[in-house]
Amino acid sequence: LEPLSGLPYPPFNLPADHSHPSENDLFDGHVLALYLVSTGTFIHPISRRTIERTECGALDKYLLDHGMDAVRVEHVCVHCAAGPRVSASLSSVMSRLRAEAAQVLQALFAGEGPRTAA
């Protein structure tokens with residue numbers, strides 16, 4: 001794992017517990033976004049609490065503010081929460097977004113993808 005201090009952009013703050021800030025609140029926002037979208041699981045990696053829609057929107061904004069590609073975290077979060085009620089056409093879009101995120105995430109961990117902000 002790469003230290004957060006080595007990132008070319010600031011870490012993303014996602015509190016493990018909103019009432020008790022801790023050192024477990026900072027993440028590589030790019031990797032976090034790709035993980036959330038590729039898995040469709042919106043659970044905090046440390047505390048296992050549900051990640052809120054507003055936090056997903058903040059993560060989307062963070063990506064754009066730091067010159068990274070949008071992976072539509074909030075969009076995927078909302079539609080994963082809809083479960084089986086998602087239409088066939090939307091399901092196709094969701095599958096594509098999740099597959100793209102998984103591919104980029106795999107490339108990052110294989111050392112093939114750039115770790116710099118665009």
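When a residue number appears, it is its place in the shown sequence, counting from 1. Note that these values count all heavy atoms, side chains included, but never hydrogens, waters or copies made by symmetry.
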Worksheet entry | Aromatic ring proximity, centroids under 6.0 angstrom, F27 and F12 | no
Discussion item. Can you give me the closest heavy-atom contact between L63 and G29, atom names plus distance?
Written reply: CD2-O, 4.0 Å
Discussion item. Side chains of D25 and P21, heavy atoms from C-beta outward: is any pair under 4.5 Å?
Written reply: yes
Worksheet item: Who pairs with E55 by side chain to side chain donor-acceptor pair (under 3.5 Å), at least two apart in sequence or on another chain?
Response: H18, R49
Worksheet item: Given the rule in the side-chain contact (heavy atoms from CB on, under 4.5 Å) test, do R72 and V37 qualify, once you have shown the distances and angles that lead to the verdict?
Response: CA-CA 8 Å; R72 301 179 67 187; V37 170; over 6 Å; no
Worksheet item: Sequence neighbours excluded, which residues qualify as side chain to side chain donor-acceptor pair (under 3.5 Å) partners of S19?
Response: D17
Fill in: Closest non-hydrogen atom pair, A16 against S47
O-OG, 2.8 Å
Worksheet item: Side chains of D28 and Y9: is there a donor and an acceptor less than 3.5 Å apart?
Response: yes
Worksheet item: Can you get from L64 to L36 by hopping between Ile, Leu, Val, Met, Phe, Trp and Tyr side chains that sit under 4.5 Å apart?
Response: no
Discussion item. In the structure I gave you, are the side-chain heavy atoms of N13 and Y62 within less than 4.5 Å of one another anywhere?
Written reply: no
Item to complete: Would you mind reporting whether I51 and I43 have side-chain heavy atoms less than 4.5 Å apart?
Response: no
Discussion item. What's the separation between atom CG in L59 and atom NE2 in H30, rounded to the nearest 0.5 Å?
Written reply: 10.0 Å
